[in-house]
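I have placed the structure first, in the form of C-alpha cells, so that the comments after it can refer back to it.
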Amino acid sequence: MLSDLLPVIVAVIAVCFMVFQIKTNILPVSEGNDRMRTISGNIKEGAMAFISREYKYVVIFVIIVSILIAIFININTMICYILGSLLSMAAGYVGMRISTASNARCTNEAMESGLPSALKVAFAGGSVMGFAVTGFGLLGVGIVYLIFRDPATLMGYSFGASSVALFARVGGGIYTKAADVGADLVGKVEKGIPEDDPRNPAVIADNVGDNVGDVAGMGADLFESYAGAILSAMVLGFSIFGDAGIRFPLVLSSIGILASVLAAFLFLRKKQKSPQSALMMTIYLSGAIVLVASFILSPIFFGNMKAAICIVVGILVGIAIGFLSEVFTSEKFSQVKRIAEESQTGAATNIIAGLSSGMLSTVGPIVLIAIGILISFHTMQMYGIALAAVGMLSITATTV
C-alpha cells in the first residue's frame, strides 16, 4: 500500500532537501577572512576529534549489546537495534559537521550583508540538523516496518537510538560544561582575558562543547524521542486497531516532514527582518498543516475525530511549552528583567533569583503535559497519549 511506502519516500525527500540546503545556502557562502576561517577551523577540528573518539566507544557498546540481543531475543530485533544506532550517529554527525561549517559563514554574512542574510545561513544550518533527525529517523522506521512487519521487533530500533543518545547527550553535555567553567575560571578570572576571547584555548574547547553537546548530543536525543514516539504509537495502535493503528502515525509523521519542508522553503524564499517572528511563523505554518491533515485522516483511518483531537492536543501543548520557555529566557519578559536587577547587588542574589526562576519555569510545562495526557487518555486511552506525542514531535524538523 502507498501508506507503507510513504514514510520512506518522504524521508528521502527530507534528506534531499537537507542536501539542497547544504549545497545551495551554506557551502557557497564565504567563510570570511583568514582569522575567521582559522577560529572556525579550530572549532571544527576539536568537534570532529571528540565525536570520532566518542563514536568509537559507542560502536563497541553497540556491538556488545547487539550480540546480547541476538542471543536472548532474536536476530530481527538485533538488526533493528543496529540500524537505529547507525542512523542516530549519522544524524548527529551530519548536523554537527554542518553547524561547524555554518558558524563563520553566518558571521561573515552578518558583517557584509546584514541580519537577513545571516539569518538565512543560520536557519539553513539549523534546518540540516532538523531534517537529519526526522529524515533519518522516519527512513529507518519505514524500512524496518517494510521488512519485518512486526511492531514488537521494531522497538529494537528505538533502543538503538536510545543507546547513542545516552552517550552523546551525557558525554557531550559534561564536556561542554567542563570547558565552559574552565574557560571562565582560567581565562576571565585568573588571566584577565575577556570572555569568549579566542586567545584563551579553553574558549575554543567551550565552542567545541557547544557543538558536541548541543548539536550532536541534542540531535541524538531528539532522534530517540522522535523515533520512539512513532514506534510506541505503532505498537499500541496495532494491539488496539490493527493496521490502521500502525499506518496513521506513519502517514501523519510523513505529512509533518512535508509541512516542515514547505515552511523552510517559504522562509528561505522571503527576506526576513525579524528573526523571532519569522521563526515562529514557520512553526505555526507547519503545525497548521499537520492539524488540517489530522482532521482529514482521522475519519479515514478510524471513522471518527478522536485521533485528530489527540494530535491537536499534542501540537498545542508543544507550542505552548515553547512559548513558556520564551517567557523565562527572553529579555522582553519580567522574569529575565528581575534576574538582571538582582544581579546588580552581587552573585548571591543573582543565583537566588535565577534558581527560583528556573524552578518556577518547570511548573507550566508539567501542568500542560498533565492536561495533555488526561485529555488524550480520555479520548483514546493509551493510544491517544502516544498520538499526542507523535503530534508534538511531528514538526520536529521545524522546531529544531
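In this structure, the side chain of Thr77 does not engage the main chain of Ile73 through any donor-acceptor pair within 3.5 Å. Not a single donor-acceptor pair under 3.5 Å links the side chain of Ser225 to the backbone N or O of Leu222. Panel note: side chain Ser162, backbone Ser158; a donor-acceptor pair is recorded below 3.5 Å. Judged by distance alone, with hydrogens and angles left aside, the side-chain atoms of Thr396 form a donor-acceptor pair with the main-chain N or O of Leu393 at under 3.5 Å. Counting only distance, with no hydrogens or angles, the side chain of Tyr55 and the backbone of Met89 share a donor-acceptor pair below 3.5 Å. Side-chain atoms of Thr362 never come within 3.5 Å of backbone atoms of Gly358 as a donor-acceptor pair (strictly under, hydrogens ignored). Judged by distance alone, with hydrogens and angles left aside, the side-chain atoms of Ser40 form no donor-acceptor pair with the main-chain N or O of Arg37 at under 3.5 Å. Of the possible donor and acceptor atoms, one in the side chain of Ser127 sits under 3.5 Å from a partner among the backbone N and O of Ala124. Using modelled atom types, one side-chain atom of Ser239 and one backbone atom of Leu236 make a donor-acceptor pair closer than 3.5 Å.
Note: Leu6 CG to Ile257 CD1 = 9.5 Å, rounded to the nearest 0.5 Å. The CG atom of Leu291 sits 9.5 Å away from the OG atom of Ser286 when rounded to the nearest 0.5 Å. Of the inter-residue distances, the one linking Ser394 atom OG with Leu387 atom CG reads 11.0 Å to the nearest 0.5 angstrom. Between the CE atom of Met36 and the OG atom of Ser30 there is a distance of 7.5 Å, given to the nearest 0.5 Å. Considering OG1 of Thr379 and CG of Asn304, their distance stands at 10.0 Å, rounded to 0.5 Å. Put simply, OG on Ser99 and NZ on Lys44 are 10.5 Å apart, with the number rounded to the nearest 0.5 Å.
Side chains of Thr153 and Asn76: a donor-acceptor N/O pair is absent below 3.5 angstrom, by distance only. Under 3.5 Å, the side chains of Tyr383 and Ser376 contain no donor-acceptor pair of N or O atoms. Side chain to side chain, Arg97 and Tyr93 meet the donor-acceptor criterion of an N or O pair below 3.5 Å. Using a 3.5 Å distance cut-off with no hydrogens or angles, the side chains of Thr345 and Thr349 do pair a donor with an acceptor.
Contact of the Met48 side chain with the Ile51 side chain is registered, since non-hydrogen atoms from C-beta on lie closer than 4.5 Å. Between Ile246 and Phe241 the shortest side-chain heavy-atom distance does not fall below 4.5 Å. Residues Ile67 and Met78 form no side-chain contact, since every pair of their non-hydrogen atoms from C-beta on lies 4.5 Å or further apart. Taking 4.5 Å as the limit, some side-chain heavy atom of Phe333 sits within range of a side-chain heavy atom of Glu326. Using a 4.5 Å cut-off on side-chain heavy atoms (C-beta onward), Tyr157 and Ser85 make no contact. Between Met281 and Leu285, the closest side-chain pair of non-hydrogen atoms is not below 4.5 Å. Val141 has its side chain within reach of Leu250: a pair of non-hydrogen atoms, C-beta onward, lies under 4.5 Å apart. For the pair Lys120 and Asn25, the minimum side-chain heavy-atom distance is below 4.5 Å.
Every residue was checked against the ring pair (Phe, Tyr, Trp, His ring centres under 6.0 Å) condition with Phe265, not counting sequence neighbours, and none meets it.
In terms of heavy-atom proximity, Phe136 sits nearest to Val94 at CE1-CG2, 4.3 Å. Taking both residues in full, the closest heavy atoms of Asn350 and Ser343 are given as ND2-OG, 2.6 Å, listed atom of the first, atom of the second, then distance. Listed here is the closest heavy atom pair of Ser102 and Val121: O-CG1, 4.2 Å. Taking each heavy atom of Ala91 and Ala132 in turn, the nearest pair found is CB-O, 3.9 Å. Taking all atoms of both residues into account, the shortest heavy-atom contact from Pro299 to Met305 is CD-SD, 3.7 Å. The two residues Ala220 and Val164 make their nearest non-hydrogen contact at CB-CG1, 4.2 Å.
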Take Ile339 and Gln335, measure what side-chain contact (heavy atoms from CB on, under 4.5 Å) needs, and give me the verdict at the end. CA-CA 6 Å; Ile339 296 175; Gln335 287 293 328; 5.6 Å; no
Chi angles and distances behind the side chain to side chain donor-acceptor pair (under 3.5 Å) call for Tyr81, Ser163: CA-CA 9 Å; Tyr81 174 79; Ser163 299; 3.1 Å; yes
For Val29 and Glu109, what are the C-alpha separation, side-chain angles and deciding distance, and is it a side-chain contact (heavy atoms from CB on, under 4.5 Å)? CA-CA 8 Å; Val29 179; Glu109 283 296 291; 3.5 Å; yes
side-chain contact (heavy atoms from CB on, under 4.5 Å) between Val235 and Met155, intermediate numbers included: CA-CA 8 Å; Val235 172; Met155 294 310 295; 3.6 Å; yes
Can you list the steps and then say if Leu5 with Leu146 is a side-chain contact (heavy atoms from CB on, under 4.5 Å)? CA-CA 8 Å; Leu5 293 174; Leu146 285 175; 4.0 Å; yes
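With hydrophobic clusters built from ILVMFWY side chains whose heavy atoms lie under 4.5 angstrom apart, Ile352 does not share a cluster with Leu360. Note: the hydrophobic cluster containing Val290 also contains Leu138 (ILVMFWY, side chain heavy atoms under 4.5 Å, direct or indirect links). When the side chains of ILVMFWY residues are joined at heavy-atom separations under 4.5 Å, either directly or via intervening members, Phe328 and Met359 end up in two distinct hydrophobic clusters. No path of Ile, Leu, Val, Met, Phe, Trp and Tyr side chains, each step under 4.5 Å between heavy atoms, connects Leu374 with Met380, placing them in separate hydrophobic clusters. A continuous path of ILVMFWY side-chain contacts below 4.5 Å connects Ile71 to Ile63, so both sit in one hydrophobic cluster.
Between Arg105 and Glu31, at least one side-chain nitrogen of the basic residue sits less than 4.0 Å from a carboxylate oxygen of the acidic one, meeting the salt-bridge criterion.
The one candidate from Val59, Val65, Val58 that meets the side chain to side chain contact (heavy atoms under 4.5 Å, CB included) condition with Val62 is Val58.
The neighbour count for Glu45 CD, taken as heavy atoms of other residues, nucleotides or ligands under 6.0 Å away, does not exceed 12. Counting non-hydrogen atoms of other residues, nucleotides and ligands closer than 6.0 Å to CZ of Arg338 gives a total above 12.
Geometric assessment of Arg149 against the ring of Tyr145 yields a positive cation-pi assignment under the 6.0 Å and 45° thresholds.
Aromatic ring centres of Phe61 and Phe167 lie closer together than 6.0 Å. Here the two rings, on Phe302 and Phe248, have centers that are under 6.0 Å apart.
Ring pair Phe17/Phe131 is perpendicular by interplanar angle, where above 60° counts as perpendicular and below 30° as parallel.
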